[in-house]
Amino acid sequence: MKKATKLMSMVLCFLMVLSFSVHADVYDMLFSEMKSFSAQMKVNLKCENLDFLNEIGQLSEAQAFLDGELFFGGLFETDADAAMDFAANDDYTDIRLAMQMSMTVPLRLNGNLMVNAQMKLGMWGIYDVTDENNPVIKLALSTPISGKYIFVDAVEELLLSGMEKSEISAKCREFVNKETITACMTKLKEIYKANSSVSQNDNKAVITISEEQFHKLLMQTMSLVIGESRGLISDENIPSPEDISDIYNSLLNMCKISLTSEYTADKNGDISGCDAVVNMAFDVPNGKDETVTIGFEVIESAAYTNVNKEVEVSFPDLDSENSTYYYDVFGGYHEPYYDSVSLCSEYVPAADNSFYVPLGNVLRSIRSASAQYYLSNDNGVITLIDTNNSETFDTASFTVGSSVYEVDGTSYTAPNPVIVKNDNIYVDNTVIAKLFELQISYAETNLIKNTTDAYLWRDRSPEPDKSEELADNWYDEEICDEEHDIEYYENFWNCEHFQNLWLSMDYPDFECNDYFAVRSVIDNYVYSHDAGQRFDISYDNGVVTINCNSDSESLKNAVITVGSNEIFVNGARYLTDLPAVNAGGRIYIDKKAVGALLGFELKRINLVYEVSQDDNTTVTSTIKSADFERKNPSCIHAMEDVDYYSDFYGE
């Protein structure tokens, strides 16, 4: 239940963060239970030390019109007014939030042209699982990027993954309840005690958190959030504290943060006000191979009323005229006559040159205002309904473990049976083609990560050529034509930092991922790196000998013996994991032997599912391949400068 558990984890984290952000006293009062409140808030952002911007080349050329210091300084001198209402019931099965913010952003292009931009934002949330058969989890956003509300219906998302409403309610109650929240708040209180200092005067308390304390507080808080999530949902995809440590360390090395907060309590001991000052400093490049420190000061104030009293929290009335689903805004390009679906999912082996596709992911990807579906799983009997006649079918039914399925009363047989894995429903790609006219044109599986990327498409346009043109040309390519950009490109990007070696894996046992043909390793290297006739390979009585006559290659000679885990390269002995073998008249070695020969490291093992047309006949095939990579010996750049390049293109 990866999708569901991640959602629940996000809900839990949201509640924890919300709780400590509005409870701030010394310390029992700060983390006391606050089930309802109304708040009026003001935020002011100021920035300093931006004069270096006028020295950067791009800005200097436009100096007569654009004053960089004034312009960017204005962007970071924002004033905001916000109002928030929050209410939760005793057992946290009904939680509601409404927040609206109005921001004023100065736009100062130069000393003679200054205007103020007004921006409005809003967020509304409902989390109601009091009725186990009718849970409601909705979020609505109002942002400057859209003239409509952007909304998310989490229950609908989970229904598409095959969960029942009662199951959703049960999981929510398991993850979000009074016991869990109270335990988390108790642990948070101890973390804040250990990483802050406090002073008190009558009904006021001042909490100070230094740069060093903030670093520790952030890491310990994230460790708590992740630890609680792991304990509740056992999701292997949740990162461990060690996984995020490097990221946060690098971030906090660039950014220094400290804060001071003054809290006021009313006669009942509840928080009535908060004034806070957050100081941040970032080191950024100044365009001269140097860094400059930019300082930010955020001044916040909040007044709280109706603490733990009845608070009415509104949620906007949404309809097709005033709202749009989040996927239509953030889901990428969508053209009504040309649907393309890109999927990334767990790999599930399939037989007969077929492919497994997660049904819920497909429904989420192609759903729009004109396409809605209902998906249920009742003890292995799966029902899919097109609820507003957007497809060519009305109802489809499946049985887990069976290859036979029905579409509007007619039975069909797929090459592979329906399966459920991690609460995701997987069906054969021919089922997807039958129901939605979606064809898989390409799919690639990374057998090391056990993930699959697939691309499906369908053309519903009366003018196919026009639709394809629109789909293929929906973006404008950015062209780099500035002199300094060209110089940067030639000196850095035009360098081949890494070299790749692609191998088609032809070992007779298709399920084996461990062996690579010696001849393919050398021949593919020669072909892809223009190595010419530098290599000579001979085979005599179970011994492979490789000689290279080029000064540019580190490999001079190598000896490989069938049945042995030893390989000798330039006289040095290397031990491999697996012995060399003779299979079908070809000599195969493992990945360690490939690394010893040419210095390449195995990055990916792929299963590629391909579809082609031959005389109007669809031909499918599955090919296995491997990608190796090494740092280019001729690359002059430091490894740390190009690591992200490898991460992006490799693994």
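FYI, side chains are in, hydrogens and waters are out, and symmetry mates aren't considered; it's all heavy atoms of this structure. It should be emphasised that the depicted structure is a prediction, and the values quoted were computed from it without experimental measurement.
Distance alone, capped at 3.5 Å, places no donor-acceptor pair between the Asp540 side chain and the Val543 backbone. A donor-acceptor pair under 3.5 Å links the side-chain atoms of Asp590 to the main chain of Leu578, judged by distance alone. Under a 3.5 Å cut-off, the side chain of Ser354 and the backbone N or O of Ala350 do not form any donor-acceptor pair.
Asn549 CG to Asp536 CG: the interatomic distance, rounded to the nearest 0.5 Å, is 8.5 Å. Annotation: the span from Ile448 atom CD1 to Arg604 atom CZ amounts to 8.5 Å, rounded to 0.5 Å. Note that CD1 of Ile432 is 8.5 Å distant from CG of Asn429, once rounded to the nearest 0.5 Å. Rounding to the nearest 0.5 Å gives a distance of 5.5 Å between CZ of Phe535 and CG of Leu555. For the atom pair Leu343 CG and Asp453 CG, the distance stands at 9.0 Å (nearest 0.5 Å). Here Phe516 contributes atom CZ and Leu501 contributes atom CG; the two are 9.5 Å apart, rounded to the nearest 0.5 Å.
Checked against the 6.0 Å centroid threshold, Tyr405 and Phe398 count as a close aromatic pair.
For the residue pair Asn570 and Ser554, the shortest heavy atom distance occurs at ND2-O, 2.8 Å. A pairwise comparison of heavy atoms in Arg586 and Ala517 identifies NH2-CB, 3.3 Å as the closest pair. Nearest heavy-atom pair, Ala626 versus Met505, reported as atom, atom and distance to 0.1 Å: CB-SD, 3.9 Å. Summarising the geometry of Ala596 relative to Tyr574, their closest heavy-atom pair is CB-CG, 3.8 Å, with the distance given to 0.1 Å.
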Practice task
Using the side-chain contact (heavy atoms from CB on, under 4.5 Å) rule, take Phe355 and Thr445 through it: C-alpha gap first, then chi angles, then the decisive distance, then the call.
Solution key: CA-CA 11 Å; Phe355 205 86; Thr445 294; 4.2 Å; yes
Exercise for the section: Apply the test side-chain contact (heavy atoms from CB on, under 4.5 Å) to residues Gln499 and Glu629: give CA-CA distance (whole Å), side-chain angles for both, the deciding distance (0.1 Å), then the verdict. Expected result: CA-CA 6 Å; Gln499 293 179 327; Glu629 181 186 81; over 6 Å; no
Exercise for the section: Give the intermediate values and the outcome of side-chain contact (heavy atoms from CB on, under 4.5 Å) for residues Phe498 and Asn632. Expected result: CA-CA 5 Å; Phe498 296 91; Asn632 187 351; 5.9 Å; no
Exercise for the section: Carefully, step by step, assess Asn500 and Phe628 under the rule side-chain contact (heavy atoms from CB on, under 4.5 Å). Expected result: CA-CA 6 Å; Asn500 294 93; Phe628 289 80; over 6 Å; no
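A salt bridge does not link Arg630 with Glu601: none of the charged nitrogens is closer than 4.0 Å to a carboxylate oxygen.
Partner of Val341 under the side-chain contact (heavy atoms from CB on, under 4.5 Å) criterion, chosen from Leu363, Leu438, Asn361: Leu438.
Using modelled atom types and a 3.5 Å distance limit, the side chains of Asn422 and Glu346 yield a donor-acceptor pair. In the model, Tyr412 has a side-chain atom that pairs as donor or acceptor with a side-chain atom of Lys434 under 3.5 Å. Counting only N and O atoms by type, the side chains of Tyr588 and Asp506 include a donor and acceptor under 3.5 Å apart. Donor-acceptor pairing under 3.5 Å is recorded for the side chains of Thr430 and Asp428. For the residue pair Asp627 and Asn606, a side-chain donor N or O sits within less than 3.5 Å of a side-chain acceptor on the partner.
A 4.5 Å side-chain heavy-atom check between Lys421 and Val348 finds at least one atom pair inside the cut-off. Residues Ile605 and Asn446 are not in side-chain contact: their nearest non-hydrogen atoms beyond the backbone lie 4.5 Å or more apart. With contacts defined as side-chain heavy-atom distances shorter than 4.5 Å, the pair Val400/Ile382 qualifies.
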Donor-acceptor pairs under 3.5 angstrom involving side-chain atoms of residues 557-568: please list them, not counting sequence neighbours.
| residue | atom | partner | partner atom | Å |
| --- | --- | --- | --- | --- |
| Ser564 | OG | Glu566 | N | 3.0 |
| Asn565 | ND2 | Thr576 | O | 3.1 |
| Asn565 | ND2 | Asp577 | O | 3.3 |
| Glu566 | OE2 | Arg573 | NE | 2.6 |
| Glu566 | OE2 | Arg573 | NH2 | 3.1 |

Residues 507-514 side chain polar contacts: donor-acceptor under 3.5 Å, at least two apart:
| residue | atom | partner | partner atom | Å |
| --- | --- | --- | --- | --- |
| Asp509 | OD1 | Glu511 | N | 3.2 |
| Asn513 | OD1 | Lys624 | NZ | 2.8 |

